[in-house]
2 protein chains.
Amino acid sequence: MSTRKPRPTQTGRVTLSEIAERVGTSAITVSRVLNTPHLVSEELRTQIEGVIAELGYMPNRAARALARARSDSVAVLIPSLSNTVFTQLLEGVRDVLNRAGYRTLIGDTRYSPEEEESLLRAYLEHSPDGILITGFDQTAATRELLNRSRVPVVHMMEMTDGDAYSVGLEQFDAGRAITRHLLERGYRRIGFLGAQLDPRVLERLAGYRAALHDAGVNYPVGELLDSTPSSIGLGATLLDKLLRQAPQTDALFCCNDDLALGVLFECQRRGIRVPQQLAVAGFNDLAPAAWVHPALTTIATPRYEIGHTAAEMLLQLMKGEKPEPAKKDLGFSLVVREST
Amino acid sequence: MSTRKPRPTQTGRVTLSEIAERVGTSAITVSRVLNTPHLVSEELRTQIEGVIAELGYMPNRAARALARARSDSVAVLIPSLSNTVFTQLLEGVRDVLNRAGYRTLIGDTRYSPEEEESLLRAYLEHSPDGILITGFDQTAATRELLNRSRVPVVHMMEMTDGDAYSVGLEQFDAGRAITRHLLERGYRRIGFLGAQLDPRVLERLAGYRAALHDAGVNYPVGELLDSTPSSIGLGATLLDKLLRQAPQTDALFCCNDDLALGVLFECQRRGIRVPQQLAVAGFNDLAPAAWVHPALTTIATPRYEIGHTAAEMLLQLMKGEKPEPAKKDLGFSLVVREST
DNA sequence: TTGTAGGCGTTATCAG
DNA sequence: CTGATAACGCCTACAA
């Protein structure tokens, strides 16, 4: 029994060996109490558990990760932390992953594929067991990194061809659906307000154009695109611009609720009656949409469920299972309220 | 030269030894190229850098953390991810910490000290180099954990006595300030709407009461407290309740902008003129406050700056420096708009 | 059911 | 400036 006496550790934290020494057993047995308790005799186990509690032992994740070659962590890349669309997505993700014992490394890409690439590079150093990423707008290098890392990946928010795993909705269809709703209501000079111009917004724009086209309507003067981030203030600004550029517009599809709220508030300020003089539709169905006056017609998107489902799919992949189907379309719903 | 040939690793990832072998040097030298390049000769360095790039080498953080006994990560505990107050706080935190090379482990406590304790327990396993935590409402066990871990901690959002490091604002003073504003405007039957009832809300309530008391006003029937989470919808509900309970109320201080917006929208719906029939004040100055109609009087709180400053303070602590002063009051400002 | 040996990938230490 | 050696704390594999 040449047991080297374990000295206090570098960090001052209690280690398995110290516990083992106290109990008069070996580190591996203490490890078993933590990971496979059924493999340890009742007696030893309760004794060890006592000392663990007494000493306030706390496993060292770095050591565990190194030994097991997995980290029990998942990297989650979203465009923005200040957009509730993505924080709700995150909540769905975390409710699933935390329960399953995973930590999430959250990265916000600021809507930039380059930033996304650099975040991914950084997070791969942590050997994540899985990756959740927003959309399909990755740089070539990002794709390369994802492939070479051999870590399971699930894409969120959009659907696509390809053979990637994904959970989302058809942004194109949603944009078309709400535009059709406006057409059905009898509006014809239907404008579009777009900001940020990320791929999902562009899909919605394409859906809007398709709906108009299908209806034999053409209203290019009503399109206003701005690549700066969405905000309520920008909605107000864009409305002002639009009314100069195309005063005859009778309905407006805003690429998200923030813009739409800005438009609504600006209409209130100017005394423009909604929907009588101008109908307004948004996208996402954020919390204020149901409460503003008039209440906002919009597309409800299942953010929480997308996060939840994507995380579940990733869990399967991390277990080595093949999720079926590989793509889940969680749909959307048109919520007609007073503003159209 | 009994160099064991390094086999492909467990994870399939390139390691320092493999690079070393390729170059005909040792792992430690490769490590130096990464960490202290000035200690390696120009020639060897460029050669090694070439192979690193060629093979797409990626350091293993777990191994590094284990060897260095620090993780380059910081745990950040906030009450909620779906409240923009805290996501803005987070952005301030991350802008500083990411730049300094730290990762953030984000935990949302759901406003529960018990949940906070369990998150802290979990995150301590990662050996964070520092901890940012919201407020001072910790369980005894949490305090014990923080002390024993000997990890630097900075508290955010509130000020307090004690000797803890903190960056925040005096919630009491802010609540008192906006109430005084209402008093100055001539309102006397000033109600208070509170939700969630976390410590910061209770401080604001205390400030409200103090202001009334100082003015010789007493209006207990106007206080409505609800421990469920804040939301626009709850604001509408509480207004309804309040108008039954205290119809003579002439002004309302809502503990945050969400409630205030709900109140405003409900007033619009009912045709209650703001501020003529009822003045409404909020707290935080969230984005919509400036744009709703009438625009909302509120208290602007420096969330981003608090996160930023707290992170800088933590950085100092992690370097072993003593930040001066230990408590930073970043203040608030009264933003008077149309609703009062 | 328990323990021994050895390694995970990196870095600190100290020698050359 | 470079390298050999020995950790870091835990776990896998195998043996007893």
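In what follows, chains are A, B, ... by sequence order, proteins preceding strands, each numbered from 1. What's counted below: heavy atoms across the whole structure, side chains too, no hydrogens, waters or symmetry copies.
For R61(A) against dG9(D), a side-chain-to-base donor-acceptor contact under 3.5 Å is absent.
Residue whose closest nucleotide on DNA chain C sits further toward the 5' end, between A63(B) and R32(B): A63(B).
The side chain of V40(B) lies closest to dT2(D) when the candidates are dT2(D), dA13(D), dC10(D). Considering only the side chain of A67(A), dC11(D) comes nearest among dG3(C), dC14(C), dC11(D). Nearest to the side chain of L66(A), among dT11(C), dG9(D), dT2(C), sits dG9(D).
One atom, CZ of R45(B), and another, P of dT2(D), lie 10 Å apart when rounded to the nearest Å. Rounded to an integer number of Å, the gap from E125(A) CD to dG9(C) P is 15 Å. Counting to the nearest Å, the P atom of dC10(D) and the CD atom of E21(A) are 14 Å from each other. Atom CG of D72(A) and atom P of dC8(C) are 20 Å apart (whole Å). Atom P of nucleotide dG16(C) and atom CD1 of I28(B) are separated by 17 Å, given to the nearest angstrom. Straight-line distance from the CZ atom of R13(A) to the P atom of dG9(D): 9 Å, rounded to whole Å. Rounded to whole Å, the distance from NE2 on H38(B) to P on dC1(D) is 9 Å. Whole-Å rounding puts the I52(A) CD1 to dC10(D) P distance at 10 Å.
Taking side-chain N and O atoms only, N35(A) has a distance below 4.0 Å to OP1 or OP2 of dC11(D). Phosphate proximity of dT2(D) to S26(B): absent, as no side-chain N or O sits under 4.0 Å from OP1 or OP2. Contact between the side-chain N/O atoms of S31(B) and the OP1/OP2 oxygens of dG9(C) is not found at any separation under 4.0 Å. Contact annotation: T25(B) reaches the phosphate of dG3(D) (side-chain N/O to OP1 or OP2, under 4.0 Å). At least one side-chain nitrogen or oxygen of S41(B) sits closer than 4.0 Å to the OP1 or OP2 atom of dT2(D). Neither OP1 nor OP2 of dG9(D) sits under 4.0 Å from any side-chain N or O of Y57(A). OP1 or OP2 of dG9(D) has not a single side-chain nitrogen or oxygen of T15(A) nearer than 4.0 Å.
Few gaps surround CD on E321(B); more than 12 heavy atoms of other groups in view lie less than 6.0 Å from it.
Under a 4.0 Å N-O distance rule, the pair R22(B)/E18(B) does not qualify as a salt bridge. Ionic pairing of R110(B) and D95(A) is present here: one or more N-O contacts between side-chain nitrogen and carboxylate oxygen are shorter than 4.0 angstrom.
Nucleic acid contact class of L16(A) (heavy atoms, under 4.0 Å, all strands): sugar-phosphate only.
Contact detail for G135(B) and H155(B): the closest heavy-atom pair is O-ND1, 2.7 Å.
R103(B) places no side-chain N or O within 3.5 Å of a backbone atom of I106(A) that could act as its donor or acceptor partner.
Distance check: L16(B) CG to I28(B) CD1 gives 8.5 Å after rounding to the nearest 0.5 Å.
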